[in-house]
Q: 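Sharing a structure below in structure tokens format, with a few things to ask.
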Amino acid sequence: MPPAGQAGRKTSRFSPLMRQVLLYAFGLVPGLLDITQGVLGTLGANPVAVCLHAFGRYAFRFLLLSLAITPVRRFIGVNLILYRRPLGLLAFTYAAAHVFFYVGATRHFEGHILWRDFTSRPFLTFGFLAFLILVVLAATSTKRTIRALGRKWAVVHRFVYAALVLACVHYSLAFKTWHIEPFIYAGMAVVLLGLRVFKKPARQSV
Amino acid sequence: APPEAVLARGWPAQQAPTPKKDVLSYNNFYEFGTDKSDPAELSGDFKPRPWSVVVDGLVDNPRTWDIDALIKQFGQQERLYRMRCVEAWSMVVPWLGFELGALLRAAAPKAGARYVAFTSVVRPAEMPGQRGGLFSLKWPYVEGLRLDEALHPLTLLATGVYGEPLPNQSGAPIRLVVPWKYGFKSIKSITRITLTDQQPPTSWNQMAPNEYGFYANVNPMVDHPRWSQASEQIIGEGSLFSAARKPTELFNGYGQQVAGLYKTMDLRKEF
């Protein structure tokens, strides 16, 4: 039997896969609502900017949530590992939409402008590198690649910490003045990374 | 008045005006908040009357003007101007107002006057963006022009938009409009205009001198460090999946009128 049964005390009505799919679908709702409003014309004078920025924040939030799974298990003793993959895939999905809105909707896929953006503007370079990492992580998140990579999988997926730091820098550079939101996100990132440093004193496998 | 009448006066914007609802709901006015929707949504407590504007400094006729006396004295012309924000979006706005030069000539600048300093209003009780804010701009918002820029016939003191008095979110009751410069030069809710012999400090330049210069002339060749200025998004056009863009023009397309002001300058250095 799949290992998912270990998470629940009582048997759920839904299979583990179904629960992952439901979480993923539920996580797409805010983005779909934004797009619906944008198409209906109720997002104001610049719906592209609203969606661009909202999707970046959604990606960041799901990235933080996916990184909370391990500390929650270690320090609170609640095992939500089943939901880490859909949370990570939601972060990737929103990051992809965020990049699409920038590259496609606002830059019209103009290669020379994008090249200059990504080579000469740290703000965009940091964000794009974070996205590239999420691409790799999403592409290696299938059961088959997890099995094929074996122990290397964990090494590859440690790059998520790099993606998190890059995203923090990218977000903090996104405003004309210093805003409080990037610091809140970065603070949460510091907490989530810091909790991983306290690996040793944690209980032996529960 | 119909914008066609404005076009006929020789101040062509080359495009139709941006829809009124977009002009009045998509604003940068950090005194009310940093989101584009904040100025329209959070400016209800602001009282643009009574209002006075001090004109002083190196002038022979310093004076404190009541806003309605100003409008009565200098009138209101229509001007359809392109507006290019430093954030790489643009609008076309039908302003009402009078030339700043007319007011300055009435004040009679002294021989030593070389710059014009503008000061905006400080009213934290009416302007939520001015309350606290560890990382905010310093208040009051200040701006400046060289005297020859200020005297240029394109430079407008706007008192209305779309045929109506300026709404709070647009800089009521009186604001500057310098159409060949990035929008942040066009200081809103002006309380003081001071002629000086020194280049005055300007708010965004103080905030980030490497990103915002004193001149802030629209220039597609000089990028903002964090984004390209080569093109601009046209507010009010395009769809969610494709923002309408056009190439940005040097001096926002007003080069024929204003390029002469900068003949001897390296625009890359003095950006």
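Sequence lines set the chain letters: A, B, ... in the order given, protein chains first and strands last, and positions in each chain run from 1.
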Q: Mind listing the closest non-hydrogen atom pair of A:Ala105 and B:Leu240 along with its distance?
A: CB-O, 4.0 Å
Q: Can you establish whether the number of heavy atoms outside A:Phe118 located under 6.0 Å from its atom CZ is more than 12?
A: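 Buried by this count: over 12 neighbours within 6.0 Å.
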Q: Which bit of A:Phe101 is near chain B, if near means a heavy-atom gap under 4.5 Å: side chain, backbone, both or neither?
A: side chain
Q: Please enumerate all residues that pass side-chain contact (heavy atoms from CB on, under 4.5 Å) together with A:Val160, with sequence neighbours excluded.
A: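 For A:Val160, the residues satisfying side-chain contact (heavy atoms from CB on, under 4.5 Å) (neighbours in sequence not counted) are A:Leu63, A:Leu67, A:Leu137.
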Q: Could you show, one pair per line, the donor-acceptor contacts under 3.5 Å between chain B and chain A?
A:
| from | atom 1 | to | atom 2 | distance (Å) |
| --- | --- | --- | --- | --- |
| B:Tyr26 | OH | A:Asn46 | ND2 | 2.8 |
| B:Glu87 | OE2 | A:Lys176 | NZ | 3.0 |
| B:Asp223 | OD2 | A:Arg116 | NH2 | 3.4 |
| B:Asp223 | OD2 | A:Arg121 | NH2 | 3.0 |
| B:His224 | O | A:Arg121 | NH1 | 3.4 |
| B:Arg226 | NH1 | A:Leu173 | O | 2.4 |
| B:Arg226 | NH1 | A:Phe175 | O | 3.0 |
| B:Arg226 | NH2 | A:Phe175 | O | 3.3 |
| B:Gln233 | NE2 | A:Asn46 | OD1 | 2.8 |
| B:Ala243 | N | A:Ala105 | O | 2.9 |
| B:Ala243 | O | A:His108 | NE2 | 2.7 |
| B:Arg245 | NE | A:Thr106 | O | 3.4 |
| B:Arg245 | NH1 | A:Thr106 | O | 3.1 |

Q: Chain B heavy atoms under 4.5 Å from A:Leu43: which part of the residue, side chain, backbone, both or neither?
A: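 Answer is neither: A:Leu43 stays 4.5 Å or more from chain B.
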Q: Which region of B:Val86, side chain (C-beta onward) or backbone (N, CA, C, O), has a non-hydrogen atom less than 4.5 Å from a non-hydrogen atom of chain A, or is it both or neither?
A: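 Answer is side chain: those atoms of B:Val86 sit under 4.5 Å from chain A.
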Q: Please list, chain by chain and in numerical order, all residues satisfying salt bridge (Lys or Arg N to Asp or Glu O under 4.0 Å) with B:Lys188, sequence neighbours excluded.
A: none
Q: Would you find more than 12 non-hydrogen atoms of other residues, nucleotides or ligands less than 6.0 Å from A:Met18 atom CE?
A: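 No, because the 6.0 Å sphere around CE of A:Met18 holds 12 heavy atoms or fewer from other groups.
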Q: Output all residues satisfying side-chain contact (heavy atoms from CB on, under 4.5 Å) with A:Val136, sequence neighbours left out; order by chain, then residue number.
A: A:Val156
